[in-house]
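Labels below follow one simple rule: chain letters A, B, ... track the order of the sequence lines, proteins then strands, and each chain is numbered from 1.
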Number of protein chains: 2
Amino acid sequence: MSDDSPAAVHRVGSRKPAATIYDVAEVVGVSPSTVSRALNKPGRINAKTEERIRNAAEALGYRLNPMARALLTGKTAMVALLVSDITNPVFYDIVRGAENVATDAGYTLVFAESHRRSDIEFATVERLQPSVDGVLVVASLLDEEQIAQLSETKPIVIALRRVDGIPHVVPNSETGLVQALDHLQELGHRSIGYLSGPTTFWANRNRWNILLEHAVAKGMSIVEIPPDDPVPNGGATRLRRILASGVTAIVAYNDLMAIGLISECKQEGVDVPGRLSIVGFDDVYGANLISPSLTTIDSSLGKVGAAAMSCLLAQVDGTTAYEPPELPTRLIVRESTTSLPS
Amino acid sequence: MSDDSPAAVHRVGSRKPAATIYDVAEVVGVSPSTVSRALNKPGRINAKTEERIRNAAEALGYRLNPMARALLTGKTAMVALLVSDITNPVFYDIVRGAENVATDAGYTLVFAESHRRSDIEFATVERLQPSVDGVLVVASLLDEEQIAQLSETKPIVIALRRVDGIPHVVPNSETGLVQALDHLQELGHRSIGYLSGPTTFWANRNRWNILLEHAVAKGMSIVEIPPDDPVPNGGATRLRRILASGVTAIVAYNDLMAIGLISECKQEGVDVPGRLSIVGFDDVYGANLISPSLTTIDSSLGKVGAAAMSCLLAQVDGTTAYEPPELPTRLIVRESTTSLPS
DNA sequence: CCGGCGCTGTCAACCGATTGCCTCGCCGCC
DNA sequence: GGCGGCGAGGCAATCGGTTGACAGCGCCGG
């Protein structure tokens with residue numbers, strides 16, 4: 001039976017108009033304002049009346065119209081979450097963490113994607129702002145001025161990027177990267193390559209700076225392998241350059257690039273980790289599936305999303321200033337790194 | 001000035017109140033209704049006046065307040081997308097496809113997760129309905145009655161599940177599954193196991209029914225390996241049962257279960273595909289990363305999401321009845337299947 | 001010379017909920 | 001007995017934008 005055929009037919013047009021406080025008021029025989037108070041100022045109204053109103057509201061299937069409330073109060077109980085690319089697994093846990101916090105706090109999450117274009121990002125935030133109480137942007141591509149400008153309209157929080165004067169939540173990349181360098185040093189590696197990400201990304205520059213500083217301090221040599229392709233797994237095309245550089249281990253900007261590099265190595269017959277040890281960043285879904293499984297740095301993205309959303313809601317509610325927790329990263333050793341045969 | 005102090009500080013409270021049509025009207029010297037008409041009924045107003053109004057609106061940074069419009073017109077220009085589990089990669093492409101269509105049509109996407117609980121799913125749809133023009137639910141967990149009930153309030157579309165009387169978009173699993181059976185038969189397999197998913201899932205029963213019908217027709221023997229664990233990768237614990245059953249190939253409910261099974265095989269030293277050929281379903285991210293890479297069935301989830309959203313928007317706009325495209329699935333042969341040594 | 005028409009723009013009601021202010025009735029206390 | 005106080009509920013304005021009804025005006029034809 002081929003029952004997969006899509007059903008286009010449907011009884012349309014028969015939708016109920018949705019009950020309002022006026023309907024409830026009429027049923028109970030009170031004024032709409034009394035209904036409003038009964039429903040959200042417990043105690044303001046006589047207990048018995050309140051009870052009758054609640055029952056009537058229940059019976060009518062009354063739901064508050066968020067638009068109407070928003071119009072008057074200016075609070076929409078919605079927050080926007082903007083990522084540059086939905087299909088990038090780096091964002092999954094962030095989205096989930098943020099969604100949980102928002103939902104628990106009674107906020108509805110509006111979700112949007114900027115398709116990796118800063119102009120779309122700007123326009124999208126602008127478009128969304130009237131509908132939401134605040135915006136959480138993950139790894140924003142905008143200038144600091146643009147962010148500051150958007151911040152004048154509604155609260156905005158940035159995740160995975162440090163922006164002066166704007167609340168942001170960023171895991172501490174240093175702890176994990178230092179652990180990675182220690183790990184590689186213990187394995188006998190002296191010459192490291194950093195497989196760089198998009199040069200405009202704050203996180204990319206940040207990671208490189210940390211690596212540079214600590215590698216030098218540890219007496220290791222390090223070199224940045226610049227990207228020649230802006231797509232995330234553009235790492236694959238750079239294998240030749242890496243081999244030519246003489247490094248024995250690579251720290252990649254992120255797991256996607258590391259995974260791309262491993263694939264390339266497989267194709268070219270380069271042994272990983274025998275010839276080249278590889279460390280990723282983020283521990284995304286898939287990092288432990290690939291063979292060899294990827295040694296990488298866990299940046300607890302779920303917590304980043306949750307913390308960023310908490311930070312945003314704290315601003316929206318205007319209550320206490322939210323103090324972001326320390327979010328250390330840590331190395332997860334798997335199969336893609338091994339000791340250098342000395 | 002020169003407030004370069006660290007992140008926590010931020011000039012709060014200094015947010016602009018956002019321009020309204022009243023502000024624009026005052027600047028131009030016309031009435032608010034004229035501004036409204038100028039902005040969204042081109043031609044209704046004198047061209048020069050309209051021009052002046054547009055300029056003033058631009059200068060003031062005027063943005064329409066969607067809440068205000070929604071209150072009167074009943075159209076919010078938002079649609080909700082509900083999935084059961086954000087971290088399930090099956091949904092990524094669906095979300096992306098749906099987001100693109102919604103954004104292109106000028107709709108804002110509200111995103112929510114039901115945490116795999118049908119009660120949360122129901123409550124979430126109910127909560128979201130007043131704010132949106134329609135709801136797209138992916139792989140709904142609800143009864144048909146519940147879905148019908150929700151459908152009375154606002155348009156609803158279901159993806160990845162067939163529901164009588166409710167518009168739905170489902171890829172045709174039959175084409176891909178038949179190809180998989182053909183593929184396995186060519187490789188010499190005569191005895192197949194279906195590694196079943198959650199028994200309550202429509203898609204699970206659907207796939208099993210299709211497999212049963214066609215395997216029998218092809219003269220192959222087939223057996224359903226029931227789940228003993230509701231989590232997606234619960235497949236890992238079932239290896240013993242599979243081996244005991246004597247089948248030489250497994251078709252899994254989805255890639256997650258197939259990947260779990262492969263991991264288990266690795267741990268237990270069972271050769272894949274030498275001892276057991278494995279076919280997944282969905283071709284999610286990661287299916288080609290694992291080793292051996294997974295033979296699976298591509299169900300073009302991006303198109304499913306796009307089609308489902310188009311279907312929803314067609315209902316919302318009340319324009320033409322949307323005719324969902326045929327969405328065939330097809331087999332992708334990789335390394336996890338091989339011929340049976342006869 | 002007058003009626004009527006088309007073009008522009010204004011008026012005012014309305015969507016649903018919230019909230020400051022007011023009223024009414026009742027109680028208790030001096 | 002008079003008055004203050006308080007509990008309970010109503011009135012009406014308000015948020016921002018939309019829209020049907022209508023008014024002023026210039027112009028045309030009869």
Side-chain angles (χ1 to χ4, degrees), chain A residues 15-54 56-57 60-78 106 127 129-133 153-154, chain B residues 15-54 56-57 60-78 106 127 129-133 153-154:
Chain A
R15 305 225 140 79
K16 304 179 202 164
T20 72
I21 55 168
Y22 293 86
D23 301 327
V24 177
E26 192 168 12
V27 168
V28 181
V30 295
S31 86
S33 47
T34 304
V35 175
S36 174
R37 284 198 253 266
L39 261 26
N40 45 58
K41 314 255 170 172
R44 173 68 173 76
I45 291 293
N46 180 297
K48 283 178 61 179
T49 314
E50 183 177 327
E51 181 66 13
R52 280 164 53 221
I53 290 176
R54 287 194 185 284
L60 268 65
Y62 166 75
R63 313 266 155 230
L64 180 138
N65 182 331
M67 309 294 155
R69 170 180 282 174
L71 189 53
L72 185 53
T73 64
K75 296 265 149 227
T76 64
M78 298 197 283
R127 180 174 63 81
Q129 271 180 332
S131 309
V132 301
D133 293 338
T153 306
K154 288 275 175 74
Chain B
R15 305 224 139 81
K16 302 179 201 164
T20 72
I21 57 169
Y22 294 85
D23 301 327
V24 177
E26 191 168 12
V27 169
V28 181
V30 294
S31 85
S33 47
T34 305
V35 175
S36 173
R37 289 198 166 89
L39 260 26
N40 44 57
K41 315 255 171 175
R44 172 68 173 75
I45 293 293
N46 180 297
K48 283 179 60 179
T49 314
E50 184 177 327
E51 180 68 12
R52 281 166 48 221
I53 290 176
R54 286 192 186 284
L60 268 65
Y62 167 75
R63 314 264 156 231
L64 180 137
N65 182 331
M67 308 296 154
R69 170 179 282 175
L71 189 53
L72 185 52
T73 63
K75 296 262 149 229
T76 65
M78 298 197 283
R127 181 175 62 83
Q129 272 181 332
S131 307
V132 302
D133 293 337
T153 306
K154 288 275 175 72

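- Considering only residues two or more places apart in sequence or on other chains, B/Asp133 meets the side chain to side chain contact (heavy atoms under 4.5 Å, CB included) condition with B/Lys75, B/Thr76, B/Tyr107, B/Val316.
- In this structure, the CG atom of A/Leu60 is 12 Å from the P atom of C/dA17, given to the nearest Å.
- Under the salt bridge (Lys or Arg N to Asp or Glu O under 4.0 Å) criterion, A/Arg44 pairs with no residue, sequence neighbours left out.
- Under the salt bridge (Lys or Arg N to Asp or Glu O under 4.0 Å) criterion, A/Arg127 pairs with no residue at all, not counting sequence neighbours.
- Sorted by first then second residue, the salt bridge (charged side-chain N to carboxylate O under 4.0 Å, His left out) pairs that include residues 62-71 of chain B, not counting sequence neighbours, are A/Glu126-B/Arg63.
- For A/Val28, the side chain to side chain contact (heavy atoms under 4.5 Å, CB included) criterion is met by A/Val24, A/Val30, A/Arg52, A/Ile53, A/Ala56, not counting sequence neighbours.
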Could you list all N or O pairs between the protein and nucleotides 16-20 of chain D that sit under 3.5 Å apart?
from	atom 1	to	atom 2	distance (Å)
D/dG16	N2	B/Ala68	O	3.1
D/dG17	OP1	B/Tyr62	OH	2.7
D/dG17	OP1	B/Asn65	N	3.4
D/dG17	OP2	B/Ile21	N	2.6
D/dG17	N7	B/Tyr22	OH	3.0
D/dT18	OP1	B/Asn40	ND2	3.4
D/dT18	OP1	B/Arg69	NE	2.4
D/dT18	OP1	B/Arg69	NH2	2.5
D/dT18	OP2	B/Ser36	OG	2.9
D/dT18	OP2	B/Asn40	ND2	3.2
D/dT19	OP2	B/Lys41	NZ	3.0
D/dG20	N7	B/Arg37	NH2	3.1
D/dG20	O6	B/Arg37	NH1	3.3
D/dG20	O6	B/Arg37	NH2	2.7

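- Atom CG in A/Leu39 sits roughly 13 Å away from atom C1' in C/dG16 (whole-Å rounding).
- The overall bend of the helix from C/dC1-D/dG30 to C/dC30-D/dG1, read as the angle between its terminal helix axes built from five base pairs each, is 60° when rounded to 10 degrees.
- For the pair A/Tyr62/A/Leu39, a side-chain contact is recorded, criterion being any heavy-atom separation below 4.5 Å from C-beta on.
- The shortest distance between the side-chain N/O atoms of A/Thr49 and the OP1/OP2 oxygens of D/dG9 is below 4.0 Å.
- Across all strands shown, B/Val35 has no heavy atoms under 4.0 Å from either base or sugar-phosphate atoms.
- Here B/Ser31 pairs with B/Ser33, B/Thr34 under the side-chain hydrogen bond (donor to acceptor under 3.5 Å, both in side chains) rule; sequence neighbours left out.
- Across the protein-nucleic acid pair, A/Glu26 atom CD and D/dG10 atom C1' stand 16 Å apart, rounded to whole Å.
- For the salt bridge (Lys or Arg N to Asp or Glu O under 4.0 Å) test, no residue two or more places apart in sequence or in another chain qualifies with A/Arg37.
- Contact annotation: side chain of A/Arg44 to base of D/dG7, donor-acceptor pair absent below 3.5 Å.
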